[in-house]
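Report on one structure; see the data block that follows.
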Amino acid sequence: MTDWVWEYEGYDPAQESLRESLCTLGNGRFATRGAAPECDADGIHYPGTYAAGCYNRLTTDVAGHQVENEDMVNLPNWLPLRFRILGEGGPGPWLTPETAAVLDHRLSLRLSSGLLERRTRYEGRGGHRLTVRQQRLVHMTDPHLAVLRSELTSENWTGELEVEAALDGTVTNSGVARYGRLNGHHLTHVHTGSAAQDTVWLRCRTSTSDIRVGMAARTSVSDGQQPELGSEERRAAQWFRFSLTPGRTVTVDKIVALHTSRDPAISDPLQAAVDRVRDAPGFDDLLETHLTAWDQMWRRAELEVPGEGGRILRLHLFHVLQTLSPHTADLDVGVPARGLHGEAYRGHVFWDELFVLPYLNLHFPEVSRALLTYRHRRLEQARSAARGTGRAGAMYPWQSGSDGREETQELHLNPRSGRWLPDHSRLQHHVGSAIAHNVWQYCEASGDTEFLHTKGAEMLLEIARFWAESATYDEAMRRYRIRGVVGPDEYHDGYPGADRPGLDDNAYTNVTAAWVLARAIDLMTTLPEPRRRELTERTGFDGGELELWEDVSRSLYVPFHDGVISQFEGYGELAELDWEAYAKRYQDIRRLDRILEAEGDTVNRYKASKQADVLMLGYLFSPATLHALLARLGHTLDDEDWHRTVDYYLGRTSHGSTLSGLVHGWVLARGRRAEAWAFVQEALKGDIADLQGGTTGEGIHLGAMAGTLDVVQRGLTGLETRGGALWLDPVPMPELAEYGFALRYRGHWGVRLRIRPGRLHIDVPASDRSPITIELPDRAVSVAPGESCELRLTD
Ligand code: BGC
């Protein structure tokens with residue numbers, strides 16, 4: 001494997017779903033899993049195609065409950081291309097790894113060019129050998145196109161080969177076994193037809209969201225023959241017959257267009273798709289423009305990290321860019337937690353953007369802005385959700401989909417016990433602080449004051465308002481408290497034996513709420529006066545509120561026990577778990593919640609977390625900012641207190657989320673601790689080695705993938721965009737001592753940073769922008785456009 005190619009050798013049915021996820025191709029608008037085109041969905045293969053933001057809502061009866069779910073829809077499959085040998089006794093079976101012997105199989109994902117290549121040698125009936133070579137792309141310049149080139153070669157026989165290219169509308173959402181009981185039939189009104197001798201089409205619509213989908217395929221073959229066209233129930237097909245002799249190759253090019261009624265600048269999705277394939281150039285020209293688009297993206301996302309770590313980071317970057325590309329900037333979509341790579345979490349949008357936007361802010365700020373605009377468009381819905389609980393302000397949903405209502409399921413299945421259990425994860429109101437944090441960070445990195453003063457200010461104000469309204473004053477404590485919430489560690493969703501869900505004073509929630517309130521005060525007091533007046537008129541904001549925010553932001557309660565920050569009030573009284581015994585009994589104890597529930601116990605009784613919760617504070621805030629924040633809340637937290645807190649939770653976390661290794665790696669790296677690398681590696685391997693046991697096959701973990709990029713970009717460098725300056729405070733990590741990357745900062749394109757032990761090199765390309773102020777712990781320097789500078793780092 002070279003640095004830019006990700007390869008899988010040999011056919012292994014058990015690995016197929018993982019490979020399909022990791023070999024997904026996409027362009028920010030839609031993506032298709034790396035499934036073999038000759039295979040239908042079954043227990044092994046799962047060809048899924050998903051368009052960003054294309055959801056549908058269905059209801060299912062589960063255990064006597066009407067369960068409603070909104071899912072990212074598996075769209076008609078554009079891949080199908082199958083082949084069979086027409087022998088004298090009639091056609092042989094369509095060749096697939098299940099019907100023929102696979103002599104060789106290699107899948108190569110070319111990261112530099114966004115191409116998936118495969119080469120398979122089949123041996124069918126009578127020892128007939130066929131070599132299949134394919135190249136596939138989901139076009140990065142024209143985001144409505146995808147292309148599959150197939151080259152089929154007879155190795156040792158003379159005879160006829162039949163090839164069928166199809167568009168398949170029989171698909172359902174059935175990619176996640178756990179959701180098997182739920183209705184997955186999202187497509188209705190499936191019709192097929194032909195538009196020209198070489199073009200077939202399929203149109204359908206989603207059953208309740210009424211999104212119309214149009215797909216067209218133009219197929220051409222090297223010998224110039226015209227296909228026989230036909231359609232079966234929900235499937236449009238084209239058939240070709242070739243006479244082959246040993247060594248003869250035929251080439252089949254299938255060019256596909258996909259449109260939905262959510263696309264701008266079209267009238268009818270089917271007509272748009274038919275027109276688009278008609279006008280599309282051939283394979284070679286499409287490949288060339290696709291390569292140019294990828295070249296440009298890689299330049300913007302330049303990242304040089306040596307070794308295996310660098311190779312994995314490049315794969316992560318590839319999948320981030322395929323999910324959230326410059327094309328995403330035109331869409332009304334959020335950050336899907338599992339990419340456009342599978343159906344886990346139903347394509348929903350969680351707080352994971354907290355781990356994704358910091359990367360995008362410094363490379364593709366226009367994409368960050370669009371993702372924040374997705375949240376802004378749903379501000380009214382969030383306000384209405386807050387009103388529904390008797391509070392003012394905006395309560396963003398824990399899981400968001402098409403219209404921004406709460407999409408978190410009411411019940412979830414524990415596959416270990418087979419029981420459906422109440423799901424209280426919607427009490428994770430901290431998602432609002434993540435959005436506010438992202439607004440702030442985006443504006444700091446991009447200098448986009450227009451956004452900050454308009455949409456950004458509106459969101460920040462309403463989120464701050466929600467926190468101020470959620471805080472209740474406890475006379476005895478003389479503190480404000482936020483009660484009945486769930487923190488990032490979603491194992492703990494209530495007190496043992498309590499009749500109501502939720503916990504009080506989750507430290508992460510309270511400290512981030514205080515931060516949001518403080519930033520909202522800063523913003524409201526510095527907004528240009530006319531704009532402040534507009535906001536005041538529009539939102540009824542008044543000076544009294546500012547006083548309340550000031551008060552709450554200084555006196556929210558942060559619980560402590562045994563000299564460490566408590567995850568929530570009462571955490572210190574929970575029982576200790578016998579970690580060793582559980583690890584011995586179950587080996588993999590990442591999903592401790594499921595294990596304990598299946599035993600008739602509950603994780604709520606124990607000091608055992610799914611993922612970083614208190615430690616998230618060290619991920620979001622630099623030590624200086626965190627100390628200042630806690631000081632504002634009347635606490636002193638020195639380095640020793642923080643280290644003690646880190647150690648405390650390190651020993652009590654099962655890492656049941658891919659986000660956990662990432663945050664621990666970051667926090668430990670910033671604390672210059674030797675264990676950091678082990679956690680960074682866990683985060684790097686999370687998806688490629690499927691560490692969460694079978695979950696990557698259902699979709700990648702986008703937050704963890706983007707987060708690992710940010711471990712290098714901001715974690716190791718200590719990079720912060722604050723007060724109009726670029727702050728840097730690199731920490732050494734022996735396993736990753738040299739690295740470099742380019743970033744976009746406040747209108748400067750391609751600013752290059754390179755770190756070597758004890759040295760930092762910065763290049764600022766020529767432009768008409770002002771010089772960049774670099775703040776190091778012991779000095780500030782200014783680097784003008786067109787200049788570079790080498791700085792010695794003091795340790
Ligand atoms: C994690 C959440 C995360 C979600 C989606 C869950 O397993 O606990 O923090 O937002 O996955 O990635």
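Only this structure's heavy atoms are used, side chains among them; waters, hydrogens and symmetry mates stay out. Computed from a predicted structure; not experimentally measured. Each ligand, and each atom within it, is numbered from 1 in the order the structure gives.
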Near Lys610 (heavy-atom distance under 4.0 Å), the atoms of ligand 1 are 1 (C), 6 (C), 7 (O), 8 (O)
- Query: Is there a donor-acceptor contact under 3.5 Å from the side chain of Asn604 to the main chain of Pro496?
  - Reply: no
Margin query: Donor-acceptor check, side chain of Tyr46 to backbone of Gly175, threshold 3.5 angstrom: yes or no?
Written below: yes
Between Gln428 and Val485, is there a donor-acceptor pair closer than 3.5 Å when you use the side chain of the first and the backbone of the second? no
* To do: Could you tell me whether a side-chain N or O of Gln322 sits under 3.5 Å from a main-chain N or O of Gly26, the two making a donor and an acceptor?
  => yes
The atoms of ligand 1 lying under 4.0 Å from a heavy atom of Ala337, numbered in the order shown, are 5 (C), 12 (O)
Looking at Asp352, Leu702, Thr658, Asp489, the heavy atom closest to atom 12 (O) of ligand 1 belongs to Asp352
Among Trp398, Tyr345, Phe350, closest by heavy atom to atom 11 (O) of ligand 1 is Tyr345
Without swapping roles, check the side chain of Asn74 against the backbone of Thr172 for a donor-acceptor pair under 3.5 Å.
yes
Could you check whether any side-chain heavy atom of Tyr359 comes within less than 4.5 Å of a side-chain heavy atom of Met705, counting everything from C-beta outward?
no
of all protein heavy atoms, closest to atom 2 (C) of ligand 1 is Trp351 NE1, 3.8 Å
- Message: Under 3.5 Å between any N/O of Ser657 and any N/O of ligand 1: does that happen in this structure?
- Response: no
One should read off an interatomic distance between Arg369 CZ and Asn361 CG, to the nearest 0.5 angstrom, of 12.5 Å
So for Arg338 against ligand 1, with non-hydrogen atoms under 4.0 Å, the contacting part is neither
If we number the atoms of ligand 1 from 1 as shown, the ones under 4.0 Å from a heavy atom of Glu490 are 1 (C), 6 (C), 7 (O), 8 (O)
Looking only at protein heavy atoms, what sits closest to atom 8 (O) of ligand 1 is Gln611 OE1, 2.5 Å
